[in-house]
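These numbers come from the heavy atoms of this one structure, side chains and all, not from hydrogens, waters or symmetry mates. Sequential numbering from 1 along the given sequence is applied to the chain's residues.
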Amino acid sequence: MKEAVETPLLELRGLRCVFTLEGRQVEVLRGVNLTLRQGEILGLVGESGSGKTLTMRSVIRMLPRNAAVEAENLIFAGTDLRELPEESLRSIRGKDISMIFQDPMTSLNPLKRVDRHIMEVLLHHGYSDRRQARQEALALLQRVGIPSAETRMRQYPHELSGGMRQRVLIAMALACKPKLLIADEPTTGLDVTIQAQILALIRTLQQKDGMAVVLITHDLGVVATLCHRVAVMYGGLILETGPVDDIFARPLHPYTRALLRSVPAIHQGRERQGRLTAIEGQPPPARHIPPGCPFAPRCKSAGPDCGESLPPMEDYGPDHSARCFRINPEVFS
């Protein structure tokens, strides 16, 4: 895997997102701190509703009208995104920052042929000649491994398989050679074989182009094989972040350890291959997140202070940090 460069490409500090719901202010992101380096693949993991997709949508301000975003620091490639008007941000979206959306079955316009989907991206971000844009669209489809690309160009989304549609979405995302690719559950709804092909394609393209990738996923197995670093989210916060190998070998936060215990391990003995260890309880709804650690109501190690005040993010090794009052870096259960 290509090694990441140390220069930060994206820096988030104190990122907050507040929704106005029925006249009430609901804080969904509670101060997200995140750094992404050039050429790095970062896995953003956590249960549904933890804030993974919302974090990245907040960066590019693709949010509902009832959402407001603020941050202490929001820097992308040396540009403060907080200061950009919508018109300037629109020129970054799709060009410097691209996003592969979650569901390939519904992310394409059923009334447009495949060529128009890709050509519109190219024409919006610099291409002025439609013939040249069409040639580039064809080259992109060939690049992402779509067979008979010339024929597929003239087809509509319903004529393609789920894997083909996902490859079209990847071609659209890569059309302008972005510096950052956000892949939001890019294999949702695909069978296992197609999932492996799509993930291998993303890794190959990332290595070739040197772009940074944020992979939003529930699959820790994918994170282990594809990512350089991982950030664990829960309740609108980053609870732990660090190099993939270190996180899997030395998980610090109780939530990270609980996630890892809930994943089957085929190398374990027969006596460990029965029922998985489920995380008891449910993630808190955004309107009822406790003022302290959001995982406290489900954590077996929690004390009274955990639900009352938010632990600070502290370093426990090179590039490995977590927020918890009960961390003992020498003992892991």
Notebook entry, point to check: Side chains of S107 and R165: donor-acceptor distance under 3.5 Å anywhere?
Noted result: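 R165 and S107 do not have a side-chain donor-acceptor pair below 3.5 Å.
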Margin query: Do Y255 and E47 pair up side chain to side chain, a donor and an acceptor below 3.5 Å, judged on atom types alone?
Written below: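 Short answer, yes.
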For the pair [X] and [Y], find out whether any cationic side-chain nitrogen is under 4.0 Å from an anionic carboxylate oxygen.
X    : Y    : value
R93  : E86  : yes
R131 : D129 : no
K112 : E120 : yes
R323 : E314 : no
D245 : R229 : no
E27  : R16  : yes
D209 : R143 : yes

Side chains of [X] and [Y]: does their closest heavy-atom pair fall under 4.5 Å?
X    : Y    : value
V45  : M233 : no
M164 : R152 : yes
V121 : C176 : yes

Using only atom types and a distance under 3.5 Å, with no angle test, would you say the side chain of [X] pairs donor to acceptor with the backbone of [Y]?
X    : Y    : value
T55  : G51  : yes
H117 : N109 : yes
T79  : L81  : no
S148 : T151 : no

Item checked: Flag if over 12 foreign heavy atoms under 6.0 Å of CZ, R287 ->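 Result for CZ/R287: enclosed.
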